[in-house]
Amino acid sequence: MSENVDLIRQAATGSAVAQADLVDRVLRHGDAGTIRPLEALVGAELWARMAASQGGVADIRRLGGVLLMRAGFEREHGNTDLAARLDGEALWVLEFAANEGDEDAAAAIVSAAERMPAASFKILPRGCGRVAGKPEAAPR
Amino acid sequence: MTSESSLLVPQAAAGDLDAQRKLAAGVISRLNANRALTPRQTWLGEMWARLATAHPDSDHADLARLSEALELAAQAADDAGEEDQAVIYRAEIISLTAEIADGDSPAAEDAALQLEKRVAGSTPTQVRVAQAMRRPRNADENDGRVGQSTGG
């Protein structure tokens, strides 16, 4: 049985470590061209949401990063509304991580803000009073 | 993501098979209501359905749900002119249907009938691909996607 089979089974039974590992793996396959970029991003987003819902601050930052990547892809392909929504959620997720003391997330916000169109700052995702199952989180 | 989904994701992530099933069923239901499907929309349903089949407590109903998600993905591939992808999806459906038909679940008899129809309506290539698809349930040995197909 391949390593990926084991990882996926672990992910299905609740391992945040396996879910986070799968984020990185699927993105690598997207970069290598073995799967299509959008498919890799959709897959990475799903794994990242799962990992962020139960993992640590690094997993939350990882979700923010994946959302930014997906937003960039969508913007390049003319889906500007979707890109702005993804950017908005990414900013919110990264802010959550930064507020938890994650300096890399704070740096990512600054870096992302330099590249984002203004519209992205006006949009917060619907129902984003929680970051992937972290009910204590609330946008400022 | 809908607000209901955002509540279910943490449960699904924690290994709750019922939440994984609900997420798959929710996406499939929305896809069924949408007449203009694109691969971008169907991947998510496919992924949640595959995730549920990866759970050790999954059963033939999960395989049937995955088949449904794959049929939607195949339709989206057809609409996008991605015929090769559609062939792969439909071959996997045949493989899944055969697996259900081989079992002793209540769905086995229906699956056997469906299988007969599907094989009759398939090209020899599809049938060969289906036969070559071996489950390791849900596991793609080549990348981090949950699945065997090459996408949609």
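Hydrogens, waters and symmetry mates play no part in the numbers below; they use all other heavy atoms, side chains included. The sequence lines fix the lettering, A, B, ..., with proteins before strands; numbering per chain opens at 1.
Across all non-hydrogen atoms, the minimal contact from Pro56(B) to Thr13(A) is CD-CG2, 3.2 Å. Nearest approach of Pro10(B) to Ser53(A), heavy atoms of both residues: CA-OG, 3.4 Å. For the pair Ala13(B) and Gln19(A), the tightest heavy-atom approach, listed with the atom from each and the gap, is O-NE2, 2.9 Å. Closest approach of Met47(B) to Trp47(A), counting heavy atoms only: CE-NE1, 4.3 Å.
Atoms CG and CZ, on Leu51(B) and Arg9(A) in that order, are 12.0 Å from each other to the nearest 0.5 Å.
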Does the side-chain contact (heavy atoms from CB on, under 4.5 Å) test come out yes or no for Trp48(B) and Leu46(A), once each step is laid out?
CA-CA 9 Å; Trp48(B) 283 123; Leu46(A) 181 140; 3.6 Å; yes

Test side-chain contact (heavy atoms from CB on, under 4.5 Å) on Arg50(B) and Ile8(A); report intermediate values, then the result.
CA-CA 10 Å; Arg50(B) 286 190 189 280; Ile8(A) 290 167; over 6 Å; no

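There is a path of hydrophobic side-chain contacts, each under 4.5 Å, that joins Leu38(A) to Val27(B). Under a hydrophobic clustering in which Ile, Leu, Val, Met, Phe, Trp and Tyr are joined whenever their side-chain heavy atoms come within less than 4.5 Å, directly or via other members, Leu82(A) and Leu67(A) fall into the same cluster. Hydrophobic clustering of Ile, Leu, Val, Met, Phe, Trp and Tyr side chains at less than 4.5 Å, counting indirect connections, keeps Leu17(B) apart from Leu7(A).
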